[in-house]
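We use all heavy atoms of the structure for the numbers below, so side chains are in, but hydrogens, waters and symmetry mates are not. Just so we're on the same page: letters track the sequence lines, and every chain starts at 1.
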There are 2 protein chains.
Amino acid sequence: MTVVCLPDERAYQLVGDVPGVRTLLWDGSVAPPPGIASTEFLVGSYTRGPLAVDQFSLMPRLRVVQVLSAGVDAWLDVVPPGVALCNGRGVHGLSTAELAVALVLAQLRDIPRYARQQAGEVWLSGEKESLCDKRVLIVGAGDIGGHVKDVLNALGATVTLVGRSARAGIAGFAQLPALLPDQDVVVLAVPLTEQTRGLVDERFLARMKDQAILVNVGRGPTVVTEALLAALESGRLRAGLDVTDPEPLPRGHPLWHAPNLLLTPHVGGGSSGWDRRGYRLVRAQLERFMSGQQLANMVDVRRS
Amino acid sequence: MTVVCLPDERAYQLVGDVPGVRTLLWDGSVAPPPGIASTEFLVGSYTRGPLAVDQFSLMPRLRVVQVLSAGVDAWLDVVPPGVALCNGRGVHGLSTAELAVALVLAQLRDIPRYARQQAGEVWLSGEKESLCDKRVLIVGAGDIGGHVKDVLNALGATVTLVGRSARAGIAGFAQLPALLPDQDVVVLAVPLTEQTRGLVDERFLARMKDQAILVNVGRGPTVVTEALLAALESGRLRAGLDVTDPEPLPRGHPLWHAPNLLLTPHVGGGSSGWDRRGYRLVRAQLERFMSGQQLANMVDVRRS
């Protein structure tokens, strides 16, 4: 029997029995179950995050770690060398893309202002903008970025996708300086890597158009917080952030009250139905693993 | 020469010269210009709304009234019998559809709550919902409804369009009672007619699912305000309204502070670029008129 470790009972219910597999349940929050040393395939807990390095050391036969989030930055340092790491691409993409669209539209259509007006019983429209004559740049050409593009195209926007390297229909990061000055909206949907940490710095923001909207649904440290804060406080840019650096944002942090900023508390993924989608992926991965097929969603980040 | 009356200088700039046409400028706010009696084609002001009946009586040769809004209810009673009335279908559709999507997403993803939390420096997520496992009913199968359907489909929702009469791919109003109980979101995008006035009454709302979201971007009187207010105050339904009855909503009206309601002040259409799209339509209509072709966007409402 191949030993597979799932995080909890709910996971086991949704994955079901897989021929040839013996299932253990452990999310790292309690003492490890008997037999943990035989684990070959581990599914990480979506809510608790990574195991500790010494917990991994209990599983010398481990070959695969499957996580359920799109971003794997929290796992990169702890998963042992030689163990395949697979992400949750496709599980949260549509939900996170939807939040990106919600933040873009809320800022463009002035929803926070109207909510304040409503509280004050004020019926007053302002300048009315819509996406149908706007240019949007999406940084991140993965699952999330692709969905955002489809939706914004349906709303009439002119959308450009940017990925790490240029390929058919996708511009490369190297073209960002040339592309930024024309964009009304810039959506960030990239994982946290050496290349994306601090990508959106003072120079990046300075190239953006006046009154352009920056939306981040990826990872907080992609944006240099102080640089964004300065651009918001000067009134030059608008933003919608579902992720921040630091996160959670502590009380008293100046970002809370930056003008023209809409903040949501990292709620892009994990929305209704995520677990069914997530464990459908896990089941498919287990079936691949048991029949010796290539796994999907392998993270191609070089790890030491 | 055929005399055409445009509302203002901006309209004339955008329409440009049309061979065989002499242009007058008048929006009804000042004394009529010399030659008004020869007007055959009148373009209504989008911002001012309809002329008065006695102003129409100054134009005995009038054959066409072209308005720039999708809804023509304000014009129906004043345009003289025998004069063709054409609406602005296509001018604001995408913008209004976009606002409908913005209201759906703001309510589903709890944007007003997060904006309040932000003001109070609170980082706290709640139940996370997304459209990808939701059913949406769109009442109104015209330009606006069609665009809303495309966008919500791209977000993974299961969408049903309802029109006055059932036809391929579109359910009829008669099927509403059977369809309503299954829907997580109901979007209203219908013009105000005898059939739609008061359509969303206590019985309609009672058939809706608990916690379902009602969005109205059409006309306020489609919804019976008191009935909606009761459903909101009981906590059973959520809503996003861009139009109300009465409108503008007066200070002190209980709708301002109804729970789980997001209000915007009739800002669906008229967004950036509407005038270019609007006067592109006017120019095309004038060219049809001058060459004796059938006009587009004729309103097929029987008028007395």
Worksheet item: Going from OG on B/S271 to CG on A/D133, what distance comes out if it is rounded to the nearest 0.5 angstrom?
Response: 7.0 Å

Item to complete: Could you grab the distance from atom OG of A/S125 to atom NE2 of B/H266, nearest 0.5 Å is fine?
Response: 9.5 Å

Discussion item. Quick check on the interface: out of B/A97, B/G252, B/G126, B/G273, who has the most heavy-atom pairs with chain A under 4.5 Å?
Written reply: B/G252

Discussion item. With a 3.5 Å distance limit and no angle check, can you tell me whether A/Q118 reaches the backbone of B/L263 through a side-chain donor-acceptor pair?
Written reply: yes

Worksheet item: What part of B/L124 is in contact with chain A, defined as an atom under 4.5 angstrom from a non-hydrogen atom: side chain, backbone, both or neither?
Response: backbone

Practice prompt. Tell me, for A/V101 versus chain B, whether the close heavy atoms (under 4.5 Å) come from the side chain, the backbone, both or neither.
Written response: both

Item to complete: Would you please test A/E121 and B/H257 for side-chain hydrogen bond (donor to acceptor under 3.5 Å, both in side chains) and show each step?
Response: CA-CA 8 Å; A/E121 303 190 357; B/H257 303 292; 2.8 Å; yes

Fill in: Minimum heavy-atom distance A/C132-B/L94, with the two atoms named
CB-CD2, 3.6 Å

Worksheet item: Is it the case that B/K134 and A/S272 place a side-chain donor and acceptor less than 3.5 Å from each other?
Response: yes

Worksheet entry | A/R283, CZ atom: more than 12 neighbouring heavy atoms under 6.0 Å | yes

Practice prompt. Measure the spacing between CG of B/L99 and CD1 of A/I111 and express it to the nearest 0.5 Å.
Written response: 6.0 Å

Discussion item. For chain B, which candidate among A/T264, A/L152, A/D150, A/L108 shows the most heavy-atom pairs at distances under 4.5 Å?
Written reply: A/T264

Practice prompt. Identify which part of B/R109 has an atom lying under 4.5 Å from any heavy atom of chain A, answering side chain, backbone, both or neither.
Written response: side chain

Worksheet, complete the sentence: In terms of heavy-atom pairs under 4.5 Å with chain B, the winner among A/G156, A/A106, A/G270 is A/G270

Item to complete: Can you tell which part of A/R113 gets under 4.5 Å to a heavy atom of chain B, answering side chain, backbone, both or neither?
Response: neither

Worksheet item: Are any of the side-chain heavy atoms of B/L262 and A/Y114 separated by less than 4.5 Å?
Response: no

Discussion item. Looking at every non-hydrogen atom in both residues, tell me the closest pair between A/W256 and B/W123 and how far apart they are.
Written reply: CH2-N, 3.6 Å

Response to the item:
Cut-off 4.5 Å, heavy atoms of chain A, and the answer for B/V104 is neither

Worksheet item: Tell me, side chain or backbone of B/R116 under 4.5 Å from chain A's heavy atoms, or both, or neither?
Response: neither

Practice prompt. Specify the closest pair of heavy atoms between B/L131 and A/E98, including all atoms of both residues, with the distance to one decimal.
Written response: N-OE1, 2.8 Å

Worksheet item: More than 12 heavy atoms of other residues, nucleotides or ligands under 6.0 Å from CZ of A/R135: is that the case?
Response: no

Discussion item. I'd like to know which of A/Q117, A/E247, A/E127, A/R277 tops the heavy-atom pair count under 4.5 Å against chain B.
Written reply: A/E247

Fill in: Contact leader toward chain B among A/P112, A/P248, A/A115, where contacts are heavy-atom pairs under 4.5 Å
A/P248

